[in-house]
There are 2 protein chains.
Amino acid sequence: MREAAYLHLRESILSGILLPGTRISEPGLAESLGISRTPVREALQRLSQEGLVELSPGRGARVRVITPQEVREVYEVRALLEAEGARLAALNATGAELEALEERLEALDRIPAEQYPEQMRVDFEFHSLLMEASHNRTLVRVYQDLRSGLALVRAHQQTLSQHPKTREQHHQILKALQQREAEQAARAARAHVLYFMEVVLEAAQRQGGQQWT
Amino acid sequence: MREAAYLHLRESILSGILLPGTRISEPGLAESLGISRTPVREALQRLSQEGLVELSPGRGARVRVITPQEVREVYEVRALLEAEGARLAALNATGAELEALEERLEALDRIPAEQYPEQMRVDFEFHSLLMEASHNRTLVRVYQDLRSGLALVRAHQQTLSQHPKTREQHHQILKALQQREAEQAARAARAHVLYFMEVVLEAAQRQGGQQWT
DNA sequence: CGCCTGAAAAGTGTATACAGTATACACGTG
DNA sequence: CACGTGTATACTGTATACACTTTTCAGGCG
């Protein structure tokens, strides 16, 4: 039930049902889920450590507010991690892992542009598989922690995937991995993440102000 | 009281009172601290997310066991983060921050070699200040998360600080920061962390087997 | 009309109770 | 003598109760 509360809250936040800054009441959420406060509390604390909610002592939980400055910081760290992941993957990836990556890019091409959630899911899988191919589980863990925070940002930035450049960059990364060119893979991954950061920040500037979901 | 339970457990684990693999009983710990199970549970879950304890569903909590392979992974990621931190610090550090760093190195020289805990504390402060001088709070957060796991390793590796090379490497980093040479700072920080990793792994091999603290 | 005050409502933090489950140990069986 | 089974104990996960704090809102005062 803790897991259920966690997943429900996470989904509510990422899908935009709960806007940033919204207060989350333990009794309220517990009743709406038909469970007691205990698992709700534990779910909130987990989300707090993941950076999706803010927990002030004695004053309850709120959905976290993220500033553009913070988005920039997170993407810069992600670029660092993903570049290293790509470098290691070029050295350590197995044949099966390379095929799985290739398969995801083919799947992305097959998905119609209007099915945004599906695109996002496969895109996410591609990057996760890339990091796992590094064979450094600590790197993967840190990366996933960072991404759960990033999800907050992308929630309302729909339609920005499948930019023309994105597809080309994905293939550049894969090609470098297949040719075992570590430095080239790192550069390509870094460029991809930083390019995406600019797209996100631009879209945010157009549609919002100092903060958003 | 959650904080008290958290700090008590953390200290017990890092000081070696609780050895890796030891089962931690919620009722037992609650009684020994004179509090109820609720805050104990919450502390255990926090420690679980920080990587100090392992939490198997329905089967309670154990102090986590770390393998040399994992130590290598963690230090490699730390080297990556700290190199980036040093690079950014060379660009962004304020005068006051540079002075604080210098002060820590002077303090390290003043501490007698036998006061190991004090040395470790100041050494920790130096590295934390270095990362904070990067002015990227996300980078700092990820770094601190990683280090709390590392603390497990160093707990029983006393006497390995103040290796002759350590002092020199610290000063190399600081010098690069003062001269605003970003790439040199990154290289120096990376070399320092990786060197330290080798020292730790060597010490572990001498005194242990496949796993320790 | 605005601001301060104070009481009521809601909420957080901790303790405790209870149901379901894993673990350990002893006994019986092959 | 080894192994499986059954029972008793201990523990985890969830629910509920209670004290204390924060928030809210209405009424009175300046």
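Side chains are part of it too, since the values below use all heavy atoms of this structure and drop only hydrogens, waters and symmetry mates. A note on names: the letters A, B, ... follow the listed sequences, proteins ahead of strands, and every chain is numbered from 1.
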If you look only at distance, which donor and acceptor atoms sit under 3.5 Å apart when one is on a side chain in residues 79-90 of chain B and the other is two or more places apart or in another chain?
{"residue": "Glu82(B)", "atom": "OE1", "partner": "Arg78(B)", "partner atom": "NE", "Å": "2.9"}
{"residue": "Glu82(B)", "atom": "OE1", "partner": "Arg78(B)", "partner atom": "NH2", "Å": "3.3"}
{"residue": "Glu82(B)", "atom": "OE1", "partner": "Tyr143(B)", "partner atom": "OH", "Å": "2.9"}
{"residue": "Glu82(B)", "atom": "OE2", "partner": "His127(B)", "partner atom": "ND1", "Å": "2.3"}
{"residue": "Glu84(B)", "atom": "OE1", "partner": "Arg87(B)", "partner atom": "NE", "Å": "3.1"}
{"residue": "Arg87(B)", "atom": "NH1", "partner": "Glu183(B)", "partner atom": "OE1", "Å": "2.6"}
{"residue": "Arg87(B)", "atom": "NH1", "partner": "Glu183(B)", "partner atom": "OE2", "Å": "2.7"}

Item to complete: Can you check each nucleotide of nucleotides 12-22 of chain D against protein heavy atoms at under 4.0 Å and return B for base, S for sugar-phosphate only, - for none, in 5' to 3' order?
Response: BBBBBB----S
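- Between Glu132(B) and Arg137(B) there is no salt bridge, since none of the side-chain N atoms of the basic residue sits less than 4.0 Å from a carboxylate O of the acidic one.
- Although no hydrogens or angles enter the test, the distance criterion places a donor-acceptor pair under 3.5 Å between the side chain of Ser15(B) and the main chain of Glu11(B).
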Give every donor-acceptor pair under 3.5 Å between a side-chain atom in residues 46-55 of chain A and any protein atom, sequence neighbours left out.
{"residue": "Arg46(A)", "atom": "NH1", "partner": "Glu3(A)", "partner atom": "OE1", "Å": "3.3"}
{"residue": "Glu50(A)", "atom": "OE1", "partner": "Tyr6(A)", "partner atom": "OH", "Å": "2.9"}
{"residue": "Glu50(A)", "atom": "OE2", "partner": "Tyr6(A)", "partner atom": "OH", "Å": "3.0"}

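- Gln45(A) and Glu42(B) share a donor-acceptor pair across their side chains, judged by distance under 3.5 Å alone.
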